[in-house]
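Working notes, beginning with the structure itself.
Bear in mind that the values here come from a model prediction, so they are computed numbers and not experimental data. Residue numbers begin at 1 in each chain, while the letters A, B, ... track the order of the sequences.
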Protein chains: 2
Amino acid sequence: MNQKLPTIKEIARRLNVSVSTVSRALSDHPRIGAATRERVKQLAKELNYEPNAQAIFFKQKKTHVVGVILPYIREEFFSEAISGIEMVALEHEYTILFGQSYDDVEKEKEVVNAMRRQRVDGLIISPSKTTLRYDHIEALDNYDIPVVYFDRVPLSEKANRVYCNVYQGTIEMVGWLFNQGYRRIAFINGPDKIAASRDRLNGYIEGISRQKLKVDMQLVENTDLTKESTQDAVAKLLALKQPPNAIITFNDYVHMDAVQYADKQHIKVNRDIIFVSYANLPITAYTANPPLASLEQYPYAQGEKAMKMIIRLMNEKNAETQEAVFLSEEILPTLVINQYQPR
Amino acid sequence: MNQKLPTIKEIARRLNVSVSTVSRALSDHPRIGAATRERVKQLAKELNYEPNAQAIFFKQKKTHVVGVILPYIREEFFSEAISGIEMVALEHEYTILFGQSYDDVEKEKEVVNAMRRQRVDGLIISPSKTTLRYDHIEALDNYDIPVVYFDRVPLSEKANRVYCNVYQGTIEMVGWLFNQGYRRIAFINGPDKIAASRDRLNGYIEGISRQKLKVDMQLVENTDLTKESTQDAVAKLLALKQPPNAIITFNDYVHMDAVQYADKQHIKVNRDIIFVSYANLPITAYTANPPLASLEQYPYAQGEKAMKMIIRLMNEKNAETQEAVFLSEEILPTLVINQYQPR
DNA sequence: TTTGCATGCGCAGTCGGTTGCACAGGCTCA
DNA sequence: TGAGCCTGTGCAACCGACTGCGCATGCAAA
């Protein structure tokens with residue numbers, strides 16, 4: 001087969017006109033006569049002509065490639081998110097250059113640099129949990145590459161961001177637990193340097209206060225998200241003089257490690273102590289002890305919004321707009337109550 | 001900041017040489033004098049010059065973009081696979097254009113066409129379970145776009161493929177069950193049109209025969225991979241006069257649906273009936289009833305091999321090699337026995 | 001008849017590299 | 001001393017599209 005892809009030149013040759021005429025005819029330039037325009041369009045259709053996007057991007061000094069860096073794609077939260085990103089990217093003829101940091105800041109730096117070398121037009125990133133400084137990401141500013149932070153956003157306000165308002169969600173969560181009659185509500189939070197943890201903690205404190213309960217910091221533990229660290233946190237809570245009767249965990253993965261450990265300690269999960277969590281992953285439905293409630297954070301919608309935001313930023317870059325206006329999009333989470341009976 | 005990226009032209013201007021000299025100096029062309037070569041390389045380093053890959057690819061009529069189409073990225077098997085693909089792609093400066101078929105052949109066609117329009121240099125695809133004809137994929141041949149089928153490979157031999165030998169794995173699985181003392185071994189297979197199902201079934205039949213057992217097709221059911229269909233299959237097996245005491249399921253997702261249903265029917269999972277499966281997904285460790293054994297199919301390694309294969313094919317394309325030689329890579333699976341006590 | 005303007009189209013440069021070919025200068029060897 | 005060769009460098013075309021500018025032609029108004 002091996003049919004040569006038709007170019008604008010080929011059309012010009014066949015119609016005995018110049019390439020510029022063909023180019024203008026195809027883009028409805030007013031100075032091209034109607035007859036010529038139609039002849040060109042007709043032949044273009046017959047030949048199945050499709051403009052070479054690479055050539056156009058090259059001329060425009062664009063790649064139409066957007067970098068996406070996530071910690072782990074195998075986590076359902078992130079794979080849902082990338083699905084949303086992908087959908088919008090395909091619609092707008094953008095290509096995704098995808099990379100994982102595996103929650104390691106050094107690997108993250110490598111990937112960021114690889115993407116810079118590939119001259120991505122923009123970057124969507126959910127930083128690794130070990131990323132405390134953002135220099136390597138902010139350096140992209142020097143190359144005029146806009147960045148959107150996603151889900152895990154930096155504490156600083158000087159960044160474009162899409163995130164879920166877990167502060168509000170956590171207040172709602174605590175309120176729900178209170179209404180169910182629980183009073184000793186513990187919290188296993190994530191690494192305390194990251195914004196996701198800060199928001200949860202603030203929501204927790206606010207939620208507890210609104211119910212006129214006393215905030216007891218003994219009930220708040222942290223995990224670095226590894227299985228061992230999570231189990232340590234559970235152990236400490238169980239060892240309290242007055243152990244909690246409800247535990248909120250950082251996310252469903254932490255939840256799974258936590259209840260697995262609690263189960264081993266002969267705690268009747270969701271009876272002796274009830275567990276609630278964040279993320280609302282479908283997979284938890286299959287687990288031995290799903291969370292009684294989980295906060296849906298709409299990762300797909302977050303991905304869509306992040307992609308739309310980066311597209312907007314990349315377009316504004318051309319327009320040479322004002323300095324230092326940062327975009328921010330917030331998604332409101334929903335507390336999903338599981339319909340199941342604990343064993 | 002907004003530092004202009006240095007070009008070859010800029011270097012030429014500063015050193016008062018021509019761009020061709022700079023280009024050749026940087027690529028160690030033998031006709032360039034040592035002194036000139038060093039001056040050029042020196043300045044290139046100082047300016048942090050990095051060649052514009054887009055320009056080079058454009059000249060070479062390549063995009064360095066590889067399309068990857070998978071059914072669902074949220075399935076751990078596929079997200080592991082894409083990690084392997086990504087790793088090799090980053091190393092070789094390839095970009096991934098990623099798309100999901102959501103196991104729907106119509107969506108798959110759309111994505112394939114979008115990728116063709118974007119002029120991907122090659123395609124890695126794991127076809128949807130509703131893909132029975134491959135015309136839309138084979139059409140890429142007309143555009144000289146090589147295709148590698150991955151995991152779910154077509155029955156026809158006329159295709160490049162990377163897959164796991166589940167035929168052998170299934171024989172091993174049946175043998176293991178036999179050695180554990182099980183004699184009525186049932187099988188819940190996937191859609192019977194796809195190669196993955198055919199290989200499993202053949203392996204099952206061969207495995208049963210090798211143990212001098214009689215193949216009883218009453219013990220073989222199919223599921224279209226939906227929860228309902230899987231539950232129907234389990235129900236039929238449970239309703240047999242002589243129900244099975246071991247059930248092999250198509251993969252870990254089918255397994256989860258199957259044991260969830262069996263549990264509801266008051267079957268003591270992995271006591272009354274033991275369950276074994278394919279994929280060995282980490283997530284099953286958290287579920288109420290993990291498979292007693294699962295066949296590890298090494299999706300990451302499969303992804304790596306697929307990417308390496310497509311790179312090889314894309315390079316051969318230039319070399320105008322012989323017609324119709326198809327590459328094939330097989331991975332041997334491993335039966336992983338779970339270390340846990342059923343409840 | 002000349003001027004002026006609208007219409008229709010082509011030339012050539014541009015983006016950032018690569019590459020075939022030409023050419024100048026110096027050297028060696030018959 | 002001239003033929004032939006090697007070395008070092010530049011010119012210009014090329015990839016596929018876009019685009020500023022200029023040049024015809026035709027027609028209407030002066």
Side-chain donor/acceptor pairs under 3.5 Å, residues 65-78 of chain A, sequence neighbours excluded:
from	atom 1	to	atom 2	distance (Å)
A:Arg74	NH1	B:Glu80	OE2	2.9

Rounded to the nearest Å, what distance is computed from the [atom1] atom of residue [X] to the [atom2] atom of nucleotide [N]?
X       : N      : atom1 : atom2 : value
B:Arg39 : D:dG8  : CZ    : P     : 13 Å
A:Gln54 : C:dG17 : CD    : P     : 16 Å
B:His29 : C:dC21 : NE2   : P     : 12 Å
B:Asp28 : D:dG8  : CG    : P     : 14 Å
B:Arg37 : D:dG8  : CZ    : P     : 9 Å
A:Glu38 : C:dG8  : CD    : C1'   : 15 Å
B:Glu10 : C:dG17 : CD    : P     : 11 Å
B:Ile11 : C:dG16 : CD1   : P     : 13 Å

- line: Overall bend of the helix from C:dT1-D:dA30 to C:dA30-D:dT1 (five pairs an end, 10° steps) is 70°
field: Qualifying residues under side chain to side chain donor-acceptor pair (under 3.5 Å), relative to B:Ser328, sequence neighbours excluded
entry: none
Distance-only criterion, 3.5 Å: show the donor-acceptor pairs between side-chain atoms of residues 298-306 of chain B and protein atoms not counting sequence neighbours.
from	atom 1	to	atom 2	distance (Å)
B:Tyr298	OH	B:Thr334	OG1	2.5
B:Gln302	NE2	B:Gln297	O	2.9

query: Which residues pass the side-chain contact (heavy atoms from CB on, under 4.5 Å) test with B:Asp135, sequence neighbours left out?
result: B:Arg133
Partner set under side-chain contact (heavy atoms from CB on, under 4.5 Å) for B:Ile56, not counting sequence neighbours: B:Pro51, B:Gln60
field: Near-ring test A:Tyr163/A:Tyr149, centroid separation under 6.0 angstrom
entry: no
- line: Given protein heavy atoms under 4.0 Å, the one-letter contact record of nucleotides 15-25 of chain D, with B base, S sugar-phosphate only and - none, is simply BBBBBB-----
Polar side chain donor-acceptor pair, B:Asp121 to B:Thr63, under 3.5 angstrom: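 On atom types as modelled, these side chains qualify, holding a pair under 3.5 Å.
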- prompt: Tell me the side-chain hydrogen bond (donor to acceptor under 3.5 Å, both in side chains) pairs involving residues 107-116 of chain B, sequence neighbours left out?
  reply: A:Glu50-B:Arg116, B:Glu108-B:Thr131, B:Glu108-B:His136
statement: With sequence neighbours left out, the residues meeting salt bridge (charged side-chain N to carboxylate O under 4.0 Å, His left out) with B:Lys129 are none
